[in-house]
**Q** 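My questions will all concern the structure given below.
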Protein chains: 2
Amino acid sequence: MNVEEIIKTEKKLPIEQRTMIHYALVFNKIREEFSLALKPFEISEQQFNVLRILRGQKGKPANLSTINERMVTKMSNTTRLVDKLILKGFAERWVCPENRRKVEIMITDNGKKELEKIDLAVSRTEERLLQGFSHQELEQLNALLDKF
Amino acid sequence: MNVEEIIKTEKKLPIEQRTMIHYALVFNKIREEFSLALKPFEISEQQFNVLRILRGQKGKPANLSTINERMVTKMSNTTRLVDKLILKGFAERWVCPENRRKVEIMITDNGKKELEKIDLAVSRTEERLLQGFSHQELEQLNALLDKF
DNA sequence: CCTTTACATTTGTCTATACAATTGTTGTCG
DNA sequence: CGACAACAATTGTATAGACAAATGTAAAGG
């Protein structure tokens, strides 16, 4: 990936600015690949993320604020996101008996099955995106990302 | 930035998955900082990007497809984006005389002046985001990003 | 010329997201 | 207890973005 070529500029960018643009370009590529991988399942990246969180609860229900807290990209209204998962039969929701302000949300068996299929497609995408990296380079990248 | 802590998971993620999540988390942080920096100017990141492209033309007008081509994040409708810049008096647009299918878009003096102010705020943000990095680390990061 | 094809931009429409206001519930303190 | 603050989720609304269809213009081929 050549930054200058992609954004068609001849002038030399300061390294800081170049890094930022570079970062965004790579992110766009990643997002594109992911949404392509998710398209056949008719599920958004956010919905996929929530499903993974719900599965991570291992039988325990999650409430909305828990989900929000754990989401990679925080959303302003997770309610409607969960609505869609429920509509698809991948999750269910009820009012929390101990605290009626809260709701409890759980992944359904159907949701789990679907998620397994999606996981496969997603991890294939991840591997494809990262195929040019050695294990050491991945560690290096993670270490650099930690500095942000 | 500790990935596992942020998304509140105890289990060890495979390095590929961890890298992807890490990447997205950092991107969110960057985006947040940028939109904060741009907020006082009431301009979106995309609009800012287009303004920079227009300035990069150095007097020559740009047409829509040129802008689209050079944008960091490609947009489906750049028309309406330019509309907003025109509304703010930062750009002007007319039909291309040689080829009436095309339009010619130029940054105005007003737009240039505003852009200079925004540039300052943005580069301060960039520096702040990257303050933990040595020059060598920035080069390293750029080299790794190239591998995508 | 006239029809067809390709091109460049614009418009329509539907969905996603951001942000604020609202609803319903619980906890606290005089 | 009763008023009020704090909490959790939902709803309303306005804006941004994705995608497809439509418009207007130019080029190509018979």
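Basis for what follows: all heavy atoms, side chains included, without hydrogens, waters or symmetry-related copies. Chain letters run A, B, ... following the sequence lines, proteins first, then strands; residues in each count from 1.
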**Q** With hydrogens left out and only the distance checked, is there a donor-acceptor pair under 3.5 Å joining Arg101(A)'s side chain and the base of dG27(C)?
**A** no
**Q** Taking 4.0 Å as the cut-off, does a side-chain nitrogen or oxygen of Lys102(B) come that near to OP1 or OP2 on dT10(C)?
**A**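 Lys102(B) to dT10(C) OP1/OP2: no side-chain N or O under 4.0 Å.
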**Q** By nearest nucleotide on DNA chain C, pick out whichever of Thr66(B) and Asn99(A) is the more 5' one.
**A** Thr66(B)
**Q** Checking side-chain hydrogen bond (donor to acceptor under 3.5 Å, both in side chains) for the pair Gln47(A)/Arg52(A): CA distance, chi angles, key distance, verdict?
**A** CA-CA 9 Å; Gln47(A) 288 172 36; Arg52(A) 269 199 310 200; over 6 Å; no
**Q** In this structure, how many angstroms lie between the P atom of dA18(D) and the CG atom of Asn68(B), rounded?
**A** 11 Å
**Q** Run the salt-bridge test on Arg18(A) and Glu4(A) with the 4.0 Å N-O cut-off and return the result as yes or no.
**A**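 Glu4(A) and Arg18(A): salt-bridged.
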**Q** Can you measure Met75(B) atom CE to dT17(C) atom P for me and round it to whole angstrom units?
**A** 15 Å
**Q** Rounded to whole angstrom units, what separation is found between the CD atom of Glu98(A) and the C1' atom of dT25(C)?
**A** 14 Å
**Q** Please state how far atom CD in Gln46(A) lies from atom P in dG17(D), giving the value in whole angstrom units.
**A** 15 Å
**Q** Please tell me whether Phe133(B) and Phe148(A) form a close aromatic pair, meaning their ring centres lie under 6.0 Å apart.
**A**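 Close enough - the centres of the two rings lie under 6.0 Å apart.
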**Q** Could you tell me how far apart Arg31(A) (CZ) and dT17(C) (C1') are, to the nearest whole angstrom?
**A**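 Distance check: Arg31(A) CZ to dT17(C) C1' gives 11 Å.
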**Q** What integer distance in Å separates Gln47(A):CD from dT15(C):P?
**A** 13 Å
**Q** Between Asn77(A) and Arg80(B), which is nearer to the 5' end of DNA chain C once each is assigned its nearest nucleotide?
**A** Arg80(B)
**Q** Reading DNA chain D from 5' onward, which residue's closest nucleotide shows up sooner: Thr78(A) or Lys39(A)?
**A**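 Here Thr78(A) is the residue nearer the 5' end.
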**Q** Nearest whole angstrom, please: distance from the C1' of dT15(C) to the CG of Leu87(A).
**A**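 After rounding, the reported distance stands at 14 Å.
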**Q** Would you say the ring centers of Phe48(A) and Phe34(A) fall short of 6.0 Å from each other?
**A** no
**Q** Does Ser65(A) reach a base, just sugar-phosphate, or nothing at all? Heavy atoms under 4.0 Å.
**A**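 Contact class for Ser65(A): sugar-phosphate only.
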**Q** Please tell me if Lys84(A) has a side-chain N or O lying less than 4.0 Å from either OP1 or OP2 of dA16(C).
**A**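 For Lys84(A), the contact criterion (side-chain N or O under 4.0 Å from OP1 or OP2 of dA16(C)) is met.
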**Q** Check whether any side-chain nitrogen or oxygen of Arg100(A) sits under 4.0 Å from OP1 or OP2 of dG27(C), and answer yes or no.
**A** no
**Q** From CG of Leu81(B) over to P of dT9(C), roughly how many Å is that when rounded to an integer?
**A**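 Atom-to-atom, Leu81(B) to dT9(C), this comes out as 14 Å.
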**Q** So, the side chain of Asn2(B) versus the backbone of Glu5(B): is there a donor-acceptor pair under 3.5 Å, distance only?
**A** yes
